[in-house]
Amino acid sequence: MISWNNFDTLKAYKKLEEMDKTFSLKDEMSKASAGDRVANYSCRMSSGLTYNYGSKAVDEKVLEALKELASEAQLVEKFEALYNGEVINTGEKRRVLHQLTRGQLGNDVIADGVNKRAFYAEQVEKIKAFANKVHAGEITNAKGEKFTTVCQIGIGGSDLGPRAMYLALENWAKVNGFFKMNAKFISNVDPDDAASVLYDMDVEHTIFILVSKSGTTLETLTNESFVKDALKNRGLDPAKHMIAVTSETSPLAKSADYLAAFFMDDFIGGRYSSTSAVGGAVLSLAFGPEINERFLAGAKAEDQNAKEKDLLKNPAMLDALIGVYERNFLGYPSTAVLPYSQALSRFPAHLQQLDMESNGKSVNRFGEVINYKTGPVIFGEPGTNGQHSFYQLLHQGTDIIPLQFIGFKETQMETDVNIQGSTSREKLSANVAAQIVAFACGKNDENPNKVFEGNRPSSIIVGDKLTPEALGALLAHFENKVMFQGFVWNINSFDQEGVQLGKVLAKKVLAGDTTGALKAYASLLNV
């Protein structure tokens, strides 16, 4: 029997709250034996990845308490309930099925009389068939010419995840012979976004993907109109250049305005939709269906790891609970995501939405106000660029901010240059190692301005190479981390009411229904 209890009512909460917090990461990582700690504090993921937490401010006592927390909070059991189709999204009274888009983890899930695994698998096959026809020149523009570019029109989860996934694999696909079509993205309702993308695009040879679950998303439909005007102005029929990713009940589902429609449903939140048709269509068109399937396989393999009951063998749950310890008992308000891979340049932006939209909650699953901290602020940029930017605050600022590094042993492009005795890749990896130790150990100096206090905790996910499988595993790891943290905090990680109020007020502004401050600011902005 699963129990949903507030975090601060658990015995493990009291134990963690009362534990001695004098552990010094600086002292531990400065020891000659620190290498043993780094080697032992490691958890193997799938697809050649490893989660290493040797530079986190935890010891065996903390880890034992976190094991007790995982058991008492029934984290594995709650995940099992989720993937077996129980209504976990209490705010919207819905199932949560994004893991099902990449493979069955438990029982068949039947919703509204439909086998949902079969439904999602059918969409993968429909996209595969469509993409193969586009690549073979069987589906063409009005002149019978092949499409060379795909452009996704969406916002939020319909943009951030798919864009990050595309950029992560773009160069890998080019080097390995899987690159089929350029991909572009239009998201912001600011007309300069669509205009700039269209300005540099061969519109005549572009197929556009309109992504809107409801078929009513204001920003997306506005940008669709922008694109349709651009097509018409070139004498092109928009219906021969557009496909839709939407729900079966939306006005887009059976419209003659689109070459084809692929479906998602209300059981998959936008920020969790990269492994659904939302990400599958653009990835299959850009790289080929085989690569999308490999991406899904990597995600499924990591979902399997999240079923492991032993905390020290479950990387997502371990990462989640260390994060809870830092947030609730060490008082750290933020987490920086620092991928030392240019291919992951937009991955932190995706994780911002994934984490902050999911766990930025102040009431529990039942709408009751809670008295403890929940999701942290997430931010980040690729290394080494970030080192020349906000790392100053990370090293010497007054707040301690936990760090999540991501690094790979091999490059994607398989080209490099040797300068001053080392390659560029070796310089990149050297910087990762140096930063981890610098954050943990710090530096003493007679000049106070040059003192580094250290004791800045970090973890790193290390992989062999950023492949489709590794990318899928990386995505699933963070999705499952967010899920486990939401379970601990007893919040609903799968609705996002916090994005709605601004939308409602914006509609009032556009309708001229304003008074007071709203009217004043609308006037200030010339609305």
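Keep in mind that the numbers below use all heavy atoms, side chains included, and drop hydrogens, waters and symmetry copies.
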Trace of the side-chain hydrogen bond (donor to acceptor under 3.5 Å, both in side chains) decision for Ser358 with Tyr272:
CA-CA 10 Å; Ser358 295; Tyr272 295 98; 2.7 Å; yes

Is there a side-chain contact between Lys465 and Glu414 (heavy atoms, below 4.5 Å)?
yes

Does the Ser3 side chain pair with the main chain of Asn5, one donor and one acceptor, at a distance under 3.5 Å?
no

Between the side chains of Glu72 and Lys11, is the shortest nitrogen-to-carboxylate-oxygen separation below 4.0 Å, so that they form an ion pair?
no

Student check: side-chain heavy atoms of Arg94 and Phe494 closer than 4.5 Å:
no

I'd like to know whether CG of Asn40 has more than 12 heavy-atom contacts from other residues, nucleotides or ligands below 6.0 angstrom.
yes

State, yes or no, whether a side-chain contact exists between Asn490 and Thr9 at a heavy-atom distance under 4.5 Å.
no

Candidate pair Leu218 and Lys503, rule side chain to side chain contact (heavy atoms under 4.5 Å, CB included), full reasoning:
CA-CA 9 Å; Leu218 179 63; Lys503 292 181 179 181; over 6 Å; no

Which heavy atom in Val58 sits nearest to a heavy atom in Arg37, and how many Å separate them?
O-NH2, 2.8 Å

Exam field: side chain Gln485 to backbone Ala320, donor-acceptor pair closer than 3.5 Å
yes

For the side chain of Gln352 and the backbone of Ile378, is there at least one donor-acceptor N/O pair under 3.5 Å apart?
yes

Quick check: closest heavy atoms across Ser187 and Arg163, and the distance to 0.1 Å?
OG-NH2, 3.5 Å

Around atom CZ of Arg294, are there more than 12 heavy atoms from other residues, nucleotides or ligands closer than 6.0 Å?
yes

Are Phe487 and Glu77 side-chain neighbours, meaning at least one heavy-atom pair lies under 4.5 Å?
no

Is there a side chain to side chain contact (heavy atoms under 4.5 Å, CB included) between Val134 and Val150 once you walk through the steps?
CA-CA 11 Å; Val134 170; Val150 53; over 6 Å; no

Measure from the side-chain N and O atoms of Glu410 to the backbone N and O of Arg425, and report whether any donor-acceptor pair falls under 3.5 Å.
no

Closest heavy-atom pair, Leu466 versus Ala343, reported as atoms and distance to 0.1 Å, is CD2-CB, 3.7 Å

Counting C-beta onward and ignoring hydrogens, is there a side-chain heavy-atom pair between Tyr83 and Val109 closer than 4.5 Å?
no

Distance check, rounded to the nearest 0.5 Å: Thr411 atom OG1 versus Leu428 atom CG?
10.0 Å

Any salt bridge between Arg271 and Glu357, counting N to O under 4.0 Å?
yes

Identify the heavy atoms of Asn480 and Gln99 that sit nearest to each other, and give their distance.
OD1-NE2, 3.0 Å

Mind jotting down which residue pairs meet the side-chain hydrogen bond (donor to acceptor under 3.5 Å, both in side chains) criterion with at least one end in residues 47-65? Sequence neighbours excluded, please.
Tyr41-Glu60, Tyr51-Asp319, Lys56-Glu326

For Ala244 versus Leu252, what's the shortest heavy-atom pair and its separation?
CB-CB, 4.2 Å

Distance check, rounded to the nearest 0.5 Å: Leu318 atom CG versus Lys481 atom NZ?
10.5 Å

Using a 3.5 Å distance criterion without hydrogens, assess whether the side chain of Gln123 forms a donor-acceptor pair with backbone atoms of Phe262.
no

Under the 6.0 Å and 45° cation-pi test, does Lys133 pair with Phe130?
no

Taking NZ in Lys184 as the centre, count heavy atoms belonging to other residues, nucleotides or ligands within less than 6.0 Å. Is the count above 12?
no

Does the side chain to side chain contact (heavy atoms under 4.5 Å, CB included) test come out yes or no for Gln435 and Leu338, once each step is laid out?
CA-CA 11 Å; Gln435 290 294 334; Leu338 310 170; over 6 Å; no

Decide yes or no on side chain to side chain contact (heavy atoms under 4.5 Å, CB included) for Arg117 and Leu97, but give the supporting numbers first.
CA-CA 9 Å; Arg117 171 55 189 151; Leu97 301 181; over 6 Å; no

With side-chain hydrogen bond (donor to acceptor under 3.5 Å, both in side chains) as the rule and sequence neighbours excluded, what pairs involving residues 327-342 come up?
Asn328-Trp489, Tyr340-Gln387, Tyr340-Tyr391

Donor-acceptor under 3.5 Å (Gln412 side chain, Ala168 main chain)
yes

Under the salt bridge (Lys or Arg N to Asp or Glu O under 4.0 Å) test, residues paired with Lys409 that sit two or more places apart:
Asp464

Candidate list Asp355, Leu354, Asn359, Ile88, test side chain to side chain contact (heavy atoms under 4.5 Å, CB included), partner Ser493, passing option
Asn359

Asn89 vs Phe267 side-chain heavy atoms within contact, under 4.5 Å:
no

Going by side chain to side chain contact (heavy atoms under 4.5 Å, CB included), Leu169 matches just one of Thr467, Asn292, Ile291. Which one?
Ile291

Specify whether Phe347 and Phe478 have parallel, tilted or perpendicular ring planes, treating 30° as the upper limit for parallel and 60° as the lower limit for perpendicular.
perpendicular

Quick one: salt bridge (Lys or Arg N to Asp or Glu O under 4.0 Å) partners of Glu248, sequence neighbours excluded?
none

Please report the closest heavy-atom contact between Gly380 and Pro348, naming both atoms and the distance.
O-CB, 3.6 Å

Please enumerate all residues that pass salt bridge (Lys or Arg N to Asp or Glu O under 4.0 Å) together with Glu293, with sequence neighbours excluded.
Lys128

If only atom types and distance count, is the side chain of Asn84 paired as donor or acceptor with the main-chain N or O of Asn107 below 3.5 Å?
yes

Residues Glu170 and Lys174 bridged, charged N to O under 4.0 Å
yes

Just so I know, are the side chains of Leu475 and Ser274 near enough to count as touching, which here means a heavy-atom distance under 4.5 Å?
yes

We want to know whether Thr275 and Tyr120 form a side-chain donor-acceptor pair, criterion being a heavy-atom distance below 3.5 angstrom.
no

Side-chain donor/acceptor of Asn314 to backbone N/O of Ala306, under 3.5 Å
yes

Does Lys373 have more than 12 heavy atoms from other residues, nucleotides or ligands lying within 6.0 Å of its NZ?
no

Glu92 and Asn492, any side-chain heavy atoms less than 4.5 Å apart
no

Judged by atom type as modelled, is there a donor-acceptor pair below 3.5 Å linking the side chain of Ser42 to the main-chain atoms of Ala39?
no

Students often mix this up, so state it plainly: with edges at 30° and 60°, are the rings of Phe439 and Phe405 parallel, tilted or perpendicular?
tilted

Between Glu479 and Arg102, does any NZ, NE, NH1 or NH2 come within less than 4.0 Å of an OD or OE carboxylate oxygen?
yes

Can you name the residues that form a salt bridge (Lys or Arg N to Asp or Glu O under 4.0 Å) with Lys361, not counting sequence neighbours?
Asp495

Determine the interplanar angle of the Phe484 and Phe79 rings, folded into 0 to 90°, and report it as parallel if under 30°, tilted if 30 to 60°, perpendicular if over 60°.
perpendicular

Under 3.5 Å, is there a donor-acceptor pair between the Asn305 and Glu302 side chains?
yes

Okay, side chain of Lys21, backbone of Met19: is any donor-acceptor separation there less than 3.5 Å?
yes

Here the gap from Leu66 atom CG to Leu312 atom CG, rounded to the nearest 0.5 Å, amounts to 9.5 Å

